[in-house]
Structure formats: structure tokens, C-alpha cells
Protein chains: 2
Amino acid sequence: MPAAAGSTPSRCASACGGSGPNAASALRWPAVEEGAAHDPVYRQADDYDHAMPYDPSAFPPFAVTVDLVVLTVRRHALCALVVRRGEPPHQGRWALPGGFVRVDEGLEAAAARELDEETGLHVQGPDSPHAGAHLEQLATYGAPDRDPRMRVVSVAHLVLAPDLPTPTAGGDAHSVRWAPVDTLLAPGGERSDPLAFDHTRILADGVERARSKIEYSSLATAFCPPEFTVGELRRVYEAVWGVVLDPRNFHRKVTGTPGFLVPTGGTTTRQGGRPAQLFRAGGATLLNPPMLRPEI
Amino acid sequence: MPAAAGSTPSRCASACGGSGPNAASALRWPAVEEGAAHDPVYRQADDYDHAMPYDPSAFPPFAVTVDLVVLTVRRHALCALVVRRGEPPHQGRWALPGGFVRVDEGLEAAAARELDEETGLHVQGPDSPHAGAHLEQLATYGAPDRDPRMRVVSVAHLVLAPDLPTPTAGGDAHSVRWAPVDTLLAPGGERSDPLAFDHTRILADGVERARSKIEYSSLATAFCPPEFTVGELRRVYEAVWGVVLDPRNFHRKVTGTPGFLVPTGGTTTRQGGRPAQLFRAGGATLLNPPMLRPEI
DNA sequence: TGAATAGTGTCTTTAAGACAGTATTTG
DNA sequence: CAAATACTGTCTTAAAGACACTATTCA
């Protein structure tokens, strides 16, 4: 699990930049770089290539983590996965799941591993395009004071998953839950106990990314089970955008866009009423023209 | 200047993960994390909070850099800023500008500083919305083998700038230039001497971001001088998209979108022909409906 | 005068918004 | 039966595509 404290005063700045054990060597980097004309970093390449090869203490003390914005639609509401922090800082607060990137592991691999560890969820692969969750990089957060303990740069990822049984992280169901994003993001949200660090901001960015991306891509199907009806897909849009859509125009739009939906031949009555055709996500990933989000 | 080598065999993987001076402590992190149920990182918080507070050698040896995709439109072509590498690896190759993030500096601040250092360009601020370049975070690249020397995570940023005099980084004009992105991205591009590390991929992602973003935002004005004509703005779209647009329909679209363009009252004949009205970018940032990019 | 650019207007086509009406299930 | 959902179709309207025409400059 990563970090970030918007308003917490930074202990790292003084410790690392002033009197830490490796402060001198760590500070040499920026200082040297400043005077270089261009390509300033590799001007120092010889130094760390030969004098101190691969010695971590020669580098500024950065930690790299991944944070996960895991979204799903449950009971007609867009929900995010949050875990309760067991240790300080922000002990007892809810936070986004995440963790450190391993030295020999890529960023997306780290995100997929954390997702598996905390939810048991697997990521869509080329071999399984219709099962598992959608994962993409969201943005990177690296304010110097976002974690009071040290400098942490977190590469946030966005995960879109179908509705699942409530995850039980390692069997501990008390410390992980789905929460409606409206609650988490409300000004005095979650009974005025906001998410730890800068996770409210990260969550907001992830939600906005999801909201805008389903406009011009077929990504909304990532919230659906492998086979779904047009009505179920419409309720996904309604939940993510927080609007009500005309069922008839929506039906015309999605069934009229080539490659968006592929009928499986089956039908279902799980939503009640007349049996509805079942579809799978088609190969098209870009919607052109896009699905228009209604004005506020 | 940061790093990344797509195909270079990784020396880091063996050195860091196997026999590096801090391999043991570095590897402790992922190993401990694996067994934790949830919030696994802070399960170790006590360890580094008390036993080895702020000691960089206790962390995996990550370096964090910023890379810059600086785009402009010159002579009717989308161009990117590239610098020549003076040191190995990839000595003599062209690369994206960039550099290390300082320990007490935010990611965007680091990008803005590098931009200033390498181009003299300043970033648009709240006080100067009509001058300077547009800067935004693009994506983060952290494949374990992207730099053969060590683990480098690079937060790439996208910069859109008006046409400028050729930058002379610290007076050395031989090592910095504008190059058409079509040349840099061509399969056997730049006379089969591609950009260093994974910079071709980063550049491609930045170009695609710029191409898609001017569809639904007023960001194309970032390529224009503070005052510009409708024709000049149209030529920006044509250069970025590599298409020819109908001048009349374009004129109707941009002048008919409220808040996109604000007439300054002046006119110019710098493009020849009949005098054209001068505009400034309006307050609107989102274009709805978007400017449609013609099909291929 | 001719060539280039700027700007207006008009017709057609596409597709979204609104909404009437039918079909098929469960309770 | 009513109520719920699924689906088809029609009319209107917004806006893009195509293109005719006029305006104003410079060489």
C-alpha cells in the first residue's frame, strides 16, 4: 500500500534533504544536474556507472508504489474498493489498495499482482478477452509531502470489474469493502473521514477517467458479466454517469454501432419482463460517433 | 535525462536482484509483502519508521525521472524536440529531453524545470493563460529493463508549444533540434536510427494524446501564438492530424462554438490574402460536440 | 489581373432527442 | 389482469459534409 498526505507536513524533506545518512550523495544529483546545459543526467553517467554501480544509497530515496482505483457497479451505484489501514499514518482510515513495486517487476504487473492479492480478481488477457477485469494506468502522484514518512511516487491504475462477491482480502472481511464513490467523494464524505493520503484525489481522477472513457469506447462492457443484455449495459451507463437514459434511443445506438455488441443467441429474463437477447462485447474498442453523456 | 531500453538486455535485473550491495534489504520488501493479507506495505511500516528511518539504502533502488514530449507545429508539420545523447548508453542517439526528479520537488515542477533548462520555455500559469506552453502528465514508464544501468521509472509529460526559434540548449545548438514526428516514428525512421531507450514508444503515446485531445478540447490553441487567425488554427489541426480540412466548415465550427475563440479586434495579413480577424483562446476548455477528426 | 486567403450562405445527410406503440415475461 | 422489461418505428432537430459564391489583399 502506497501513500500520500495532502496536508501532512513533510518530515522527509528535512530528513532526506538535510541530515539523512545519505543526504550528501543524494543531493549531489540535482545539484550537478542544475549546471548542466542539456542531457544533464547522463552527464553524470560515468559517476554512477563506475564509481557506484547499482548502489541504491547513491540515489535519492524514492519509493515507487502502485495504487488501485477498482470500480464496479453494484445495486445501481458506482462503487470503489477501499481497504482499512491497520498502521499509522492514517491508522483506521480507509484507503485505496496498493503496494510497492518490486525491483524486477513492471508497473502493470505490479498492479495486476496487487489486484490479485487483495481481491482475487484477474486481469483480462489476450487469451481471455471476455473474462477478468480491465486494467489501465491512470496517473502518477508524487508530491513531495504526500507521505509523511518519505518520498513516495505512486503510479495509480484504474480497474473496471464486473459486480463480484464482496472480496475478503486474505480472509479479513472487516478491512475491505465496496463503497459508493458518491459517498467517498462527497465534501464531508464518509461521515467526514476522507480517504487516507491523497487517495480522494486519485479516486476522483479515476472516476472521471471511467466516466469519460465509456463515452468514446466500449469499456462499459468491462463492468458487465461476459454475457449481458442491452438493458444491463444501459444500467451501467446510468450508474456511472448518474443519469437516466432513454432505453429506446440507447438500444438503437448500441445495437446500431458495428462491432460494439455481438449477439450470443441466448436470452435471459433475469431482469424480469420480456426475455432479453444476450450479447458479448464485440471487437470494436472505439465508439465513433461516441455515446453522448447528457448535459447536467 | 532519464532512460529506458526496450530491447537492451537488463543488467539491472541480475545486479540488483542477485548480487548488488543492497540486494538483501531491497528484496526483503516484496518478500514480506507477499505474505501479508491486505495493506501489506504498512505492515512493514514499523521497520522503516523506527529501525531505519529515511535510510535510502533500505529501499529498492528506484530512480525517478521525467521525460518530455515537447510538440510544436513548424512548416506545416508536427515536430518534437529531441536532444543528442553525449554519453552511453545509446551515445550519439537522439532522445527525449528529461532528467531526474529532485527529492523535494513535485513531478510537474520537475517537468517544468527541465523544460525551462532545455528550451527556455515557460509553462502557462494561472497568471499567464495566454503565454507559455501547455504541460500535462502523459504516462509513466517503468519496465525493469528500460535502462540497462538500473531501475528507472520515468514520468513522461506532454508539452504543447507555439512555434519557436530553434532552441539552443545551453548554447549547444548541435545537440538539440525539432524533428518531424513522422520521421521519428517511421518504422525505419530517422534513417533507421530510432530514439534511445523506449523513447519512440513514449513519443508515439504523446503524439496520440495530442491528436485525440484537440478533438474534444481547445488545446490546439496551445500550438498558436497568443493571437492567431482561424486559418492558422486550422493549419494546426491539419498538421497534427495530417489531413486537409474544409476551411469553410472549420470556420463555422470554431466560430460557432461559444467560448472557444474571442476576437481581439485586430486583423493580420501575415498569411497573405484578405486580412483575417485575430482571436485569442476563449475560456472554454472542452469542445462539445467535439471537432471530428476525418476518417482515414 | 490573377492567385491566395478570408468569410458567408445553402443544400444534403447523419444521427441524436423525444416519444408512440407492440411484444413477452412474472406475479 | 397489471406491471415490468424488451424492442421497433416515426418525427423532429442539431450539426457535420459538400460546395457555390463574395471579399480583400499582394505581386
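All values below come from the heavy atoms of this structure, side chains included, with hydrogens, waters and symmetry mates left out. Throughout, a chain's letter reflects where its sequence line sits, starting with A, and its residues are numbered from 1.
Residue contacts shown for P247(B) are absent, as no nucleic acid heavy atom lies under 4.0 Å away. Across all strands shown, R270(B) has no heavy atoms under 4.0 Å from either base or sugar-phosphate atoms.
Here the P atom of nucleotide dT5(D) and the CZ atom of F228(A) are 19 Å apart, to the nearest Å. Taking atom CD on Q271(B) and atom C1' on dG7(C), their separation rounds to 15 Å, with Å as the unit. dA15(C) atom C1' lies 11 Å from atom CG of L292(B), rounded to whole Å. Straight-line distance from the OH atom of Y216(A) to the P atom of dA15(C): 21 Å, rounded to whole Å. In this structure, L245(B) atom CG and dA16(D) atom C1' are separated by 12 Å, rounded to whole Å. Atom CZ in F250(B) sits roughly 19 Å away from atom C1' in dG9(C) (whole-Å rounding). Nucleotide dA23(D) holds its P atom 17 Å from the CD atom of Q277(B), rounded to whole Å. If you take CG of L233(A) and C1' of dA6(D), they are 14 Å apart, rounded to a whole angstrom.
Of all nucleotides listed (dC19(C), dA6(D), dA16(C)), dC19(C) comes nearest to the side chain of N249(A). Closest contact between the side chain of R274(A) and the listed nucleotides dT25(C), dA23(C), dT5(C) involves dA23(C). The side chain of H251(A) has dT8(D) as its nearest neighbour among dT8(D), dA16(C), dT25(C). If you check dT25(D), dC19(C), dA6(C) against the side chain of D246(A), the one that comes closest is dC19(C).
Using a 4.0 Å cut-off between a side-chain N of Lys or Arg and a carboxylate O of Asp or Glu, E227(B) and R270(B) do not qualify as a salt bridge. Remark: R201(A) engages D205(A) in a salt bridge, criterion side-chain N to carboxylate O under 4.0 Å.
For a distance-only test at 3.5 Å, the side chain of R234(A) fails to qualify as a donor-acceptor partner of the base of dA6(D). With hydrogens and angles left out, the side chain of R248(A) and the base of dA20(C) share a donor-acceptor pair within 3.5 Å. Side-chain to base pairing of R252(B) with dG17(D): one donor and one acceptor N or O lie within less than 3.5 Å of each other.
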Exercise for review: Could you walk me through whether E238(A) and F250(A) pass the side chain to side chain contact (heavy atoms under 4.5 Å, CB included) test, one step at a time?
Suggested key: CA-CA 11 Å; E238(A) 291 178 332; F250(A) 183 87; over 6 Å; no
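Partner of D163(B) under the salt bridge (charged side-chain N to carboxylate O under 4.0 Å, His left out) criterion, chosen from R74(B), R235(B), R75(B): R74(B).
Between K253(B) and dA15(D) there is no side-chain N or O to OP1 or OP2 distance below 4.0 Å.
Nucleotides of DNA chain D nearest to G272(B) and R293(B) differ in position, and the one nearer the 5' end is that of R293(B).
L96(A) and L203(A) make their closest contact through CD1-N, 4.3 Å (heavy atoms, listed as atom of the first residue, atom of the second, distance).
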